Amino acid sequence: MGVLRSTQSMEAEVEEMRAALLHHGAGAWRSGGAAKRAAGAEEGAAPEARTVCVTGGISFVGLAVVDRLLRHGYTVRLALETQEDLDKLQEMEIFGENGRDGVWTVMANVMDPESLNRAFNGCVGVFHTSSLVDPGGISGYTKHMAILEARAAEQVVEACVRTESVRKCVFTSSLLACVWRQSYPHHRRFPTIIDENCWSDESFCRDNKLWFALGKTMAEKAAWRAARGRDLKLVTICPALVTGPGFRRRNSTPSIAYLKGAHAMLAEGLLATADVERVAEAHVRVYEAMSGGGGGTAGGRYICYDHVVRRGEEFAELQRQLGLQSGGALARRGGDGDGDARFALCNGKLARLVSSRRRCTYDVYYPASYD
């Protein structure tokens, strides 16, 4: 779970990860860790109140979330699953000695409750960004993987509940857990709004072998069931296809799995992307808005995207970036506008939360960044 076993050499992958981090200014981690933690102390929070754990922290999204947490003054416990993950992290040389820059590493298997309890103990919050990927490095996400992902989600939330120090959990889901539904009438005058109240139909996903969407839907529902009635505040982030510098190599496996059924999403106005930096920022903003004491405003689900793919040319570029064959005429089904789309995505809930806490431009559409 959460382990990327690329067929490419570890050296090339590490270099790509380092380059992506430096592109976003993460090179400041080594020298700026103490300053970030000091900034947190100035806000009046005790050091232990700003210690959080991130699962899947070596992944594309996970590492970006760690970056944002450090920038916001948190101390991060990075839960790694294998020695290979630890070796990659050490080769990047971005943290220095364990704990020196506000980041501690710990080995934890999302299927092992005891290791999760050890990883979470002493943390007030958990960011579960880990997910199952195809170890072959291609889009071989299967029905079995979907079942395992749901089981892991339940284990993580149960571990949060059992760990006395943990009060909040931010769970990384997917927009795919919202968009796949049975056919709607074609005669509607206005597009049907797809927002946080919408869930993908599991039967539809099974019938159409949309295993990645099924896994994300089952996992998020399992997390909500495990948290219901418990002493844990849970929110879920549902990002669109995550892109950004390095995504072609570092996020190609889940990206390819995400794009199964993409022609239909394009035609219906449901194919969207989200820059990894904005996804990470959304995680931290929502977490900070979950504060207790009656002042917490965040709750439930949050759809996160910053660009809707409406043109066949954009879709073809996505396919090219990931080394996929172009769909030809199928790629043009979305047309050059949104006039024929039967659905309209809405991320207004996240936009309102972020803008209410700090000036932000989440409600502005940005040009897609695939490089």
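All figures in this text were calculated on a predicted structure; none of them were measured in a lab. Along the sequence shown, the residues carry numbers beginning at 1.
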Rounded distance [0.5 Å steps], OG in S200 versus CG in L176: 6.5 Å

d(D231 CG, E164 CD) to nearest 0.5 Å is 9.5 Å

If you measure from CZ on R352 to OG1 on T297, what distance do you get to the nearest 0.5 Å? 11.5 Å

In the hydrophobic clustering that connects Ile, Leu, Val, Met, Phe, Trp and Tyr at side-chain heavy-atom distances below 4.5 Å, which members other than L234 occupy its cluster, ordered by chain and number? F171, W199, W224

T243 and its side-chain contact (heavy atoms from CB on, under 4.5 Å) partner, picked from V276, T273, V279: T273

Quick check: is V106 connected to L70 through a chain of hydrophobic side chains (ILVMFWY, heavy atoms under 4.5 Å apart)? no

Against L69, only a single residue in V103, T75, V52 fulfils side-chain contact (heavy atoms from CB on, under 4.5 Å); can you say which? V52

Any idea which heavy atoms bring G269 and V308 closest together, and the distance? O-CG1, 4.0 Å

Is any side-chain heavy atom of E288 less than 4.5 Å from a side-chain heavy atom of K168? no

How close do G261 and W180 get, heavy atom to heavy atom, and via which atoms? O-CH2, 3.3 Å

For the residue pair R71 and V284, establish whether any side-chain heavy-atom pair is separated by less than 4.5 Å. no

Go through the steps for H263 and F315 under the test side chain to side chain contact (heavy atoms under 4.5 Å, CB included), then give the verdict. CA-CA 9 Å; H263 297 111; F315 179 45; 3.2 Å; yes

Contacts of I147 that satisfy side chain to side chain contact (heavy atoms under 4.5 Å, CB included) - sequence neighbours left out: R151, M218

Please assess V170 against M290 for the test side chain to side chain contact (heavy atoms under 4.5 Å, CB included), listing each intermediate value before the final yes or no. CA-CA 10 Å; V170 177; M290 294 167 66; 4.0 Å; yes

Which heavy atom of A159 sits nearest a heavy atom of F120, and at what distance? CB-CE1, 3.7 Å

Name all residues meeting the salt bridge (charged side-chain N to carboxylate O under 4.0 Å, His left out) criterion together with R206; count only those two or more places apart in sequence or in a different chain, and write none if there are none. E202

With sequence neighbours left out, write down each residue that passes salt bridge (charged side-chain N to carboxylate O under 4.0 Å, His left out) with R162, or none if nothing qualifies. none

With sequence neighbours excluded, tell me which residues meet ring-ring contact (aromatic ring centres under 6.0 Å, His included) with Y287. Y74, F127

Using only atom types and a distance under 3.5 Å, with no angle test, would you say the side chain of R77 pairs donor to acceptor with the backbone of A119? yes

As a quick check of understanding, evaluate side chain to side chain contact (heavy atoms under 4.5 Å, CB included) for V354 and E281, giving each step before the final call. CA-CA 10 Å; V354 175; E281 184 71 8; over 6 Å; no

Is it the case that the side chain of K260 and the backbone of A213 share a donor-acceptor pair, with hydrogens and angles ignored and the cut-off at 3.5 Å? no

So which heavy atom on C304 is nearest to which on A274, and how close? O-CB, 3.8 Å

Contact between M107 and R118 at the side-chain level, heavy atoms closer than 4.5 Å - yes or no? no

Side-chain (N109) to main-chain (M111) donor-acceptor, under 3.5 angstrom: yes

Going by atom types only, do N121 and T163 share a side-chain donor-acceptor pair under 3.5 Å? no

With no hydrogens and no angle check, is any side-chain donor or acceptor of S165 less than 3.5 Å from a backbone partner on V124? no

From E220, H283, K216, residue fulfilling side chain to side chain donor-acceptor pair (under 3.5 Å) relative to T172: H283

Point-to-point distance, once rounded to the nearest 0.5 Å, from CG of L271 to CG of L259: 6.5 Å

Evaluate the side-chain proximity of D195 to K349: yes if any heavy-atom separation is below 4.5 Å, no if none is. no

Apply salt bridge (charged side-chain N to carboxylate O under 4.0 Å, His left out) to R167 and list each qualifying residue two or more places apart in sequence or on a separate chain. none

Could you tell me if the side chain of T55 sits less than 4.5 Å from the side chain of H128, heavy atoms only? yes

Kindly indicate, with the supporting measurements, whether the criterion side chain to side chain contact (heavy atoms under 4.5 Å, CB included) is fulfilled by V157 and R225. CA-CA 9 Å; V157 174; R225 285 194 299 269; over 6 Å; no

Inter-residue atom distance R301.CZ - I237.CD1, 0.5 Å rounding: 11.0 Å

Does a salt bridge link E314 with R310, judged by any charged N lying under 4.0 Å from a carboxylate O? no

I'd like to know if the side chain of S174 and the backbone of A177 have a donor-acceptor N/O pair within less than 3.5 Å. no

Under the salt bridge (Lys or Arg N to Asp or Glu O under 4.0 Å) criterion, do E317 and R320 qualify, and how do the steps go? CA-CA 5 Å; E317 174 63 13; R320 187 192 69 79; 2.8 Å; yes

Heavy-atom check, side chain of V179 versus side chain of L345, under 4.5 Å: yes

Heavy-atom side-chain contact between L350 and I303 under 4.5 Å: no

Nearest heavy atoms of A272 and L175, plus distance in Å: CB-CD2, 4.3 Å

Donor-acceptor pair, R230 side chain versus A226 backbone, under 3.5 Å? yes

Between A240 and Y305, what is the shortest heavy-atom contact and its length? CB-CB, 3.8 Å

Kindly compute the distance separating CD (E149) from CH2 (W211), expressed to the nearest 0.5 Å. 14.0 Å

